[in-house]
Amino acid sequence: MAQEYDLVIIGLGSGGGLAAEFAAGELGLRVAAVERGRIGGDCLWTGCVPSKSLIASARVAHAVRTASEFGVRAAPPEVDLRAVWDRIKAIQDGIAATDDSPDRFRDLGVDLVEGTGRITGYRQVTAATADGDRRLDTRYVLICTGSRPSIPPIPGLDTVPYHTSETLFEIDEPPASIVMIGGGPIASELAQAMVRLGVPTTVLEMAHRLVPRDEPELADRLGQILRREGVDLHLATRATAVRPGGDCVVVETDDAEFTAAGLVVATGRHANVESIGLEALGVPVGPGGADVDGRNRTLVPNIYVVGDASAQRADFTHVAAHDAVLAVRDMFFPGRGAPAHLTPWCTFTDPELAHVGLTAAEARERHGRSAVSVHRHELADNDRARADGTTDGMILVVTAKDRIVGAHALAPAAGELIHELALAIQFGAKLGELSDLIHNYPTLATGIGRIAADRSFETAEKLRGLTRLSRW
């Protein structure tokens, strides 16, 4: 006999987990969650948590290696890659045993179903479990099935062993050298971390710059920083074939060959939306995900899709979590769950590259060239950056008719720094208004205050002729 629920969630990653916690723990709803793998999803097992743990180890190695620049004598670091990988797994296991523990969700009242979920009716989900099919009748369905690495059709790729973000952290330690196909955020983070840990790394990117969705001026500078640290970066370079080369892998391009002990493919993501029954209900799906409206609803209004599985939303953990909670709100409090359209993001290299709103080119296209201004603050002019020895970076603010419409930062902790500017964009603030806010000194954020103050000074200079001077 089928069990009846208020909500069935398919996929218990970042989005599904928070939705289950909110729906069962806060709203007291009858919730079932179907998960075919490990609770925590991509973020915990193949994405944010392992990559940031790796980056932390790499940052320590880099600090030791460059300690003499700060007047500290230190020997070159001895990196134990197996120990680095053990640390990553220990952090994952710690989170899995606490925040993402199955018992925690059961204690909240969530009915956990281990199996593969498939929509078999407008208000029905069938879970294929080890004990057979289990039917779950429900008022609403929330799909949080995430995505997987997209594998390009490169001749010979299927003849060699290679890694993706899904497999790299499952092994005991990385290969002795790496060729990486792709130059997006994942590839950029991994490449810098590997080089800092002493693993020679080559990056092949088809575009003319790394992270092509970011502000070009800062993306170009990031590429220069990675090259300076030792990443063998080749832009505008297409991998044309792959073949075995003894114990190594050989990647061919239009005009060269690159050989390494291991190959990592980091060429984007593919939504996990096939074979879950959406097509049978008339919902359009594709590699980018399932089509949803402005409230994360599919054409079937009681079926919602969020996170990487959605074609209309950005593929970020924070977006999945944000949208999942709002989807639950919209189900049970209709009209209260429209997601935010302003999405900040960050590539966690060192320095970090953060982005919110429009690039300068996007702003000119949308608002007209004459209405747009670009304001810059070099970290070389920032006292905190000078003190910390982190002067290679910039804060860049884009305005249209003086209102902030985009902001970008290449700086330490740029992912934290960007939120002040995201708030300004969200509420339509003018650049000069930020000069009314006192910024702590010395901080990198004083750069934002300096940009705003410069704009206020420009206004004051224009009004100079109207100033009444006192006479003694």
### Task
Verify side chain to side chain contact (heavy atoms under 4.5 Å, CB included) between Leu197 and Leu54, making sure each step is shown before the conclusion.
CA-CA 9 Å; Leu197 292 171; Leu54 173 68; 3.5 Å; yes
### side chain to side chain contact (heavy atoms under 4.5 Å, CB included) evaluation trace for Leu157 with Tyr162
CA-CA 8 Å; Leu157 187 57; Tyr162 63 87; 3.8 Å; yes
### Query
Checking salt bridge (Lys or Arg N to Asp or Glu O under 4.0 Å) for the pair Glu378/Arg221: CA distance, chi angles, key distance, verdict?
CA-CA 12 Å; Glu378 290 279 356; Arg221 188 176 293 195; 2.9 Å; yes
### Query
Does Glu114 CD have over 12 foreign heavy atoms under 6.0 Å away?
no
### Query
For the side chain of His318 and the backbone of Pro344, is there at least one donor-acceptor N/O pair under 3.5 Å apart?
yes
### Task
Determine whether Phe348 and Ile55 make a side-chain contact, defined as any pair of heavy atoms from C-beta on separated by less than 4.5 Å.
yes
### Query
Are any non-hydrogen side-chain atoms of Lys401 and His367 less than 4.5 angstrom apart?
no
### Query
Is it true that atom CZ of Arg36 has more than 12 heavy atoms of other residues, nucleotides or ligands lying nearer than 6.0 Å?
no
### Heavy atoms from other residues, nucleotides or ligands near CZ of Arg366 exceed 12 (cutoff 6.0 Å)
no
#### Entry: Asn382 side-chain N/O to Arg384 backbone N/O, donor-acceptor pair under 3.5 Å
yes
### Message
Using the rule given for salt bridge (Lys or Arg N to Asp or Glu O under 4.0 Å), can you reason through Glu170 versus Arg38, listing the C-alpha separation, both sets of side-chain angles and the distance that settles it, and then say yes or no?
### Response
CA-CA 13 Å; Glu170 296 290 340; Arg38 296 173 291 186; 2.9 Å; yes
### Message
Under a plain distance cut-off of 3.5 Å, with no hydrogens placed, do His375 and Thr399 share a side-chain donor-acceptor pair?
### Response
yes
### Query
Less than 4.5 Å apart, any side-chain heavy atom of Val49 and any of Ile91?
yes
### Message
Quick check against the 3.5 Å criterion: does Asp80 have a side-chain atom that pairs as donor or acceptor with the backbone of Ala83?
### Response
yes
### Query
Any donor and acceptor pair, going by atom type alone, linking the side chain of Asp42 with main-chain N or O of Thr46 inside 3.5 Å?
no
### Message
Please verify the inter-ring angle class for Trp345 with Phe316; under 30° counts as parallel, over 60° as perpendicular, anything in between as tilted.
### Response
parallel
### Query
Which atom names give the shortest non-hydrogen contact between Leu434 and Ala424, and what distance separates them?
CD2-CB, 4.3 Å
### Query
Any donor-acceptor pair under 3.5 Å linking the side chain of Glu352 with the backbone of Thr347?
no
### Task
Test Asp350 against Arg196 for salt bridge (Lys or Arg N to Asp or Glu O under 4.0 Å), laying out the working first.
CA-CA 11 Å; Asp350 183 16; Arg196 288 182 164 190; 2.9 Å; yes
### Message
Apply side chain to side chain contact (heavy atoms under 4.5 Å, CB included) to residues Leu204 and Val251 and explain how you reach the verdict.
### Response
CA-CA 9 Å; Leu204 310 177; Val251 180; 3.6 Å; yes
### Query
How many angstroms lie between atom CG of Asp232 and atom NE2 of His234, to the nearest 0.5 angstrom?
3.5 Å
#### Entry: Distance, nearest 0.5 Å, that separates CD1 of Ile451 from CZ of Arg376
10.0 Å
### Whether Thr237 side chain and Leu235 backbone form a donor-acceptor pair below 3.5 Å
yes
### Message
Quiz question: by atom type and distance under 3.5 Å, do the side chains of Thr145 and Asn272 form a donor-acceptor pair?
### Response
no
### Query
From Gln426 CD over to Leu421 CG, what is the distance, rounded to the nearest 0.5 angstrom?
13.0 Å
### Task
Look at the side chain of Thr446 and the backbone N and O of Pro442, then say whether any donor-acceptor pair between them is shorter than 3.5 Å.
no
### Task
Using atom types as modelled and distance alone, determine if a side-chain donor or acceptor of Thr267 lies under 3.5 Å from a backbone N or O of Ser150.
yes
### Task
First locate atom CD1 of Ile395, then atom CG of Leu410, and finally report the distance between them rounded to the nearest 0.5 Å.
10.0 Å
### Task
Kindly indicate, with the supporting measurements, whether the criterion salt bridge (Lys or Arg N to Asp or Glu O under 4.0 Å) is fulfilled by Lys89 and Asp86.
CA-CA 5 Å; Lys89 292 173 183 177; Asp86 287 345; 5.3 Å; no
### Task
Would you indicate whether Asp247, at its atom CG, is surrounded by more than 12 heavy atoms from other residues, nucleotides or ligands within a distance under 6.0 Å?
no
## Note on the structure
Closest heavy-atom pair, Arg209 versus Pro216, reported as atoms and distance to 0.1 Å, is CZ-CB, 3.4 Å
### Task
Step by step, work out the side chain to side chain contact (heavy atoms under 4.5 Å, CB included) result for Lys52 and Glu189.
CA-CA 9 Å; Lys52 292 353 166 234; Glu189 292 176 4; 3.0 Å; yes
### Task
Check Val292, Ile119, Val306 against Ile143 for a side chain to side chain contact (heavy atoms under 4.5 Å, CB included) and give me the one that passes.
Ile119
### Query
With a 4.5 Å limit on heavy-atom distance, are the side chains of Asp323 and Ser310 in contact?
no
### Task
Please examine the side chains of Met194 and Pro174, heavy atoms only from C-beta on, and report whether any two atoms are closer than 4.5 Å.
yes
### Task
Please check if any side-chain donor atom of His408 sits under 3.5 Å from a side-chain acceptor atom of Glu217, or the reverse.
no
### Atom of Val64, atom of Ala75 and distance for their closest heavy-atom approach
CG1-O, 3.4 Å
### Query
Would you say Arg386's side chain and Thr391's backbone share a donor-acceptor pair under 3.5 angstrom?
no
#### Entry: Lys/Arg N to Asp/Glu carboxylate O, Arg148 vs Glu166, below 4.0 Å
no
### Query
Which atom pair, heavy atoms only, marks the closest approach of Glu362 to Leu358?
OE1-CA, 3.4 Å
### Query
Between atom CH2 of Trp85 and atom CG of Leu168, what is the distance when rounded to the nearest 0.5 Å?
5.0 Å
#### Entry: Shortest non-hydrogen separation from Ala290 to Val305 and the atoms involved
CB-CG2, 4.2 Å
### Message
How long is the straight-line distance from OG of Ser14 back to CG of Asp100, given to the nearest 0.5 Å?
### Response
7.5 Å
### Query
Which heavy atom of Ile154 sits nearest a heavy atom of Thr240, and at what distance?
CG2-C, 4.0 Å
#### Entry: Side chain to side chain, Val179 and Thr259, heavy atoms closer than 4.5 Å
no
### Query
Less than 4.5 Å apart, any side-chain heavy atom of Thr298 and any of Asp291?
no
### Query
Is Lys430 salt-bridged to Asp402, cutoff N-O under 4.0 Å?
no
### Query
Is there side-chain contact between Ile10 and Leu142, with heavy atoms separated by less than 4.5 Å?
no
### Any donor-acceptor pair under 3.5 Å from Glu257 side chain to Val250 backbone
no
